[in-house]
Amino acid sequence: PLKINVFDIKAIGEFTTADGPFIDDWFLTFITQTDWVEIPMYTDGMTEFLTDLGNLLNSNLSAKLTKSADWKTRVMYPIDFKEKELYEIENIEPKTFWERVKKRIGIQDTVRVLSTELKQLHKS
């Protein structure tokens, strides 16, 4: 099982995608200095887990993207970054012939990266 030391957590957030309802589309993210870990929000016991973790961090970790069916992100912790964007989407520059063709017809590959605000936190 995955273990994260609570003192290694730099940020906690949630995000949704447009992949539902048959595929997980709502996730909790833990960001540490070296990694980020995502857990589906529909995991059993998640509400209690967020309450207990919030008590340890002295922060309200209530989820707010329950009804979202689109791409949305938000930071839940730390308080200074609360409600800021968790992730941003960046286009990947095409390297192969097929990727260049896809870009020409409007289908460009993307990658999820930490938001500008969290990149600053992540450096500290």
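All residue numbers refer to positions in the sequence shown, counting from 1.
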Just do the side chain to side chain contact (heavy atoms under 4.5 Å, CB included) check on T16 and T73 with the steps written out, would you? CA-CA 7 Å; T16 58; T73 76; over 6 Å; no
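The pair E85-R74 does not meet the salt-bridge criterion, since no charged nitrogen lies less than 4.0 angstrom from a carboxylate oxygen. Under a 4.0 Å N-O distance rule, the pair E90/K119 qualifies as a salt bridge.
Remark: N91 CG is packed, more than 12 non-hydrogen atoms of other residues, nucleotides or ligands lying under 6.0 Å away. For K72, the NZ atom is loosely surrounded, since the number of other residues' heavy atoms within 6.0 Å does not exceed 12. Counting heavy-atom neighbours within 6.0 Å of N5 CG, excluding the residue itself, gives a total above 12.
Two rings, from F15 and W71, have their centers less than 6.0 Å apart.
Residues W36 and R112 share a closest heavy-atom pair of CH2-O, 3.7 Å. Residues K103 and P94 come closest through the heavy atom pair CD-CG, 3.7 Å. Counting all heavy atoms, side chain and backbone alike, L61 lies closest to G54 at CD1-N, 3.5 Å.
For the side-chain contact (heavy atoms from CB on, under 4.5 Å) with L53, the lone residue among T51, N55, L57 that qualifies is L57.
Taking 4.5 Å as the limit, every side-chain heavy atom of F30 sits out of range of all side-chain heavy atoms of Y77. At a threshold of 4.5 Å between non-hydrogen side-chain atoms, the residues E99 and E93 do not count as touching.
A donor-acceptor pair shorter than 3.5 Å can be found between the side chains of E88 and T116.
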